[in-house]
Amino acid sequence: MADPVRIRAEILKEMMAHARREPHTECCGLLAGRDGVITAIFPATNSLASATVYEIAPKELFLLFRAIHKQGLTHLGQYHSHLATENIPSPTDIEQAGYPDQTYFIISLQQDAPDPVRAFSIRDGSVNERKIISTGD
Ligand SMILES: [Zn+2]
């Protein structure tokens with residue numbers, strides 16, 4: 001397993017809430033923070049409006065990056081949901097992963113998922129799960 005990833009507990013909750021608000025579409029968004037700890041969530045729109053793939057439109061991505069920088073934060077990760085499959089990176093997720101130093105969170109909306117949120121690093125096509133450490137203030 002790769003190094004653990006640190007994230008504020010309320011951000012994990014907000015990620016789950018976003019996924020539940022969109023039960024028929026893969027939700028997606030960006031994560032940012034300071035000193036390697038994820039402290040902020042930037043929900044986005046799945047421009048493909050699909051149940052099996054996601055994409056953030058370039059224009060929205062640009063605005064989100066601008067908001068992250070305005071707040072003095074660093075872009076540290078992204079998240080999306082899987083509606084009916086296990087929350088591990090799909091072949092498409094692996095192929096499209098463009099941030100080798102970041103963390104990819106995947107939320108499962110399956111009722112019996114043992115771990116509703118899992119985190120991975122995806123580097124040159126190889127996937128490593130990261131342990132999630134949730135922190136308080
Ligand atoms: Zn996926």
Side-chain angles (χ1 to χ4, degrees):
M1 205 178 263
D3 289 341
V5 57
R6 289 156 58 83
I7 179 167
R8 288 258 286 269
E10 75 252 33
I11 303 302
L12 276 173
K13 278 189 204 142
E14 281 184 47
M15 240 191 304
M16 283 298 302
H18 183 195
R20 292 198 183 110
R21 277 199 306 275
E22 298 183 21
H24 307 298
T25 308
E26 282 198 6
C27 78
C28 55
L30 303 184
L31 300 163
R34 281 196 185 91
D35 304 321
V37 182
I38 294 167
T39 59
I41 181 168
F42 295 83
T45 302
N46 182 348
S47 64
L48 303 175
S50 161
T52 53
V53 285
Y54 75 100
E55 187 177 277
I56 303 173
K59 190 178 174 189
E60 183 173 19
L61 205 52
F62 171 80
L63 293 173
L64 292 174
F65 282 136
R66 197 160 70 176
I68 288 171
H69 293 141
K70 241 185 190 167
Q71 294 180 31
L73 302 172
T74 306
H75 177 209
L76 295 173
Q78 28 274 314
Y79 68 92
H80 71 284
S81 60
H82 281 182
L83 308 186
T85 57
E86 201 185 345
N87 50 339
I88 56 172
S90 68
T92 307
D93 292 334
I94 296 169
E95 195 182 294
Q96 295 182 346
Y99 299 101
D101 299 321
Q102 297 197 359
T103 307
Y104 289 82
F105 286 81
I106 305 180
I107 302 146
S108 171
L109 280 179
Q110 289 183 294
Q111 299 251 321
D112 55 350
D115 297 303
V117 184
R118 294 172 73 176
F120 304 87
S121 69
I122 306 174
R123 191 171 292 160
D124 296 329
S126 83
V127 174
N128 277 291
E129 183 154 14
R130 304 188 72 179
K131 184 180 160 62
I132 298 171
I133 297 177
S134 73
T135 65
D137 286 317

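Both ligands and their constituent atoms are indexed starting at 1 by order of listing.
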J.: Under 2.8 Å from the Zn ion (ligand 1), which protein N/O/S atoms are there?
T.: H80 NE2, H82 NE2, D93 OD1, D93 OD2

J.: Side-chain donor-acceptor pair under 3.5 Å between R8 and T39, yes or no?
T.: no

J.: Would you say that more than 12 heavy atoms from the other residues, nucleotides or ligands in this model lie under 6.0 Å from the CD of Q110, or not?
T.: yes

J.: Taking everything shown except R6 itself, do over 12 heavy atoms lie less than 6.0 Å from its CZ?
T.: no

J.: Please lay out, stage by stage, how H80 and D93 fare under the test side-chain hydrogen bond (donor to acceptor under 3.5 Å, both in side chains).
T.: CA-CA 10 Å; H80 71 284; D93 292 334; 3.1 Å; yes

J.: Show the nearest heavy-atom pair for residues T45 and E60, with the distance to one decimal.
T.: N-OE1, 3.1 Å

J.: Could you state whether L73 and I11 fall into the same hydrophobic cluster, counting links through intermediate Ile, Leu, Val, Met, Phe, Trp or Tyr residues with side-chain heavy atoms under 4.5 angstrom apart?
T.: no

